[in-house]
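Note sheet for the following structure.
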Amino acid sequence: MVQYAVTLKDGDWTVFKDGEAIERGLTRSAAIQMAKDLAFEDEERGVTVELLIQGYYGDMSRRLSGGTEE
């Protein structure tokens, strides 16, 4: 399983993959789009993906794909 997260860190929207920051300094919409694109690529390869997105007020939304990876 791969986890992508979009969170506000140090005043910048940041995309994380498995807990490691891979891109920072984005707008929220650009960060979400990047995370969704990366998640889609992994899902196409059959990998299960968890996508976490922080809202403007700190709430988190979660989506889990149904990949074929064990």
Side-chain angles (χ1 to χ4, degrees):
M1 178 181 353
V2 175
Q3 181 189 70
Y4 291 101
V6 174
T7 64
L8 189 61
K9 179 174 172 59
D10 300 328
D12 291 321
W13 289 97
T14 303
V15 178
F16 290 86
K17 179 179 180 181
D18 293 330
E20 296 292 323
I22 58 173
E23 191 72 40
R24 7 179 133 229
L26 301 170
T27 63
R28 183 174 183 268
S29 60
I32 291 170
Q33 188 61 55
M34 179 183 187
K36 285 183 175 181
D37 290 346
L38 292 168
F40 178 78
E41 291 171 11
D42 284 332
E43 289 169 344
E44 286 288 299
R45 290 192 298 270
V47 177
T48 301
V49 176
E50 180 180 39
L51 181 60
L52 302 168
I53 299 175
Q54 180 180 352
Y56 286 107
Y57 302 105
D59 56 310
M60 293 293 280
S61 65
R62 178 180 183 255
R63 190 191 89 196
L64 187 64
S65 76
T68 57
E69 179 184 79
E70 292 295 320

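The chain is numbered in sequence order, starting from 1.
Taken to the nearest 0.5 Å, the CG atom of Leu51 stands 9.5 Å off from the OH atom of Tyr4. Interatomic distance, CD1 of Ile32 versus CG of Asp37, reported as 12.0 Å (0.5 Å rounding). In this structure, CG on Asp12 lies 10.5 Å from CD on Glu23, to the nearest 0.5 angstrom. Going from atom CG of Leu52 over to atom CD of Gln3 covers 4.5 Å, rounded to the nearest 0.5 Å.
Connection of Ile53 to Leu8 is established within a shared hydrophobic cluster, with ILVMFWY side chains joined at heavy-atom distances below 4.5 Å, either directly or through further cluster members. When hydrophobic clusters are built by joining Ile, Leu, Val, Met, Phe, Trp and Tyr residues whose side-chain heavy atoms come closer than 4.5 Å, directly or via intermediates, Val2 is grouped together with Met34.
Trp13 approaches Gly55 most closely through the heavy-atom pair CH2-O, 3.9 Å. What you find for Phe16 and Thr14 is that their closest heavy atoms are CE1-CG2, 3.6 Å.
Within the 3.5 Å criterion, the main-chain N or O of Val6 finds no donor-acceptor partner in the side chain of Arg28.
Salt bridge Glu43/Arg63: present, at least one basic N to carboxylate O contact under 4.0 Å.
With Met1 as the fixed residue, the side chain to side chain contact (heavy atoms under 4.5 Å, CB included) test singles out one of Val49, Asp42, Leu64: Leu64.
Every residue two or more places apart in sequence or in another chain was checked for a salt bridge (charged side-chain N to carboxylate O under 4.0 Å, His left out) with Arg24, and none qualifies.
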Take Val47 and Glu41 through the side-chain contact (heavy atoms from CB on, under 4.5 Å) test and state the conclusion after the steps. CA-CA 9 Å; Val47 177; Glu41 291 171 11; over 6 Å; no
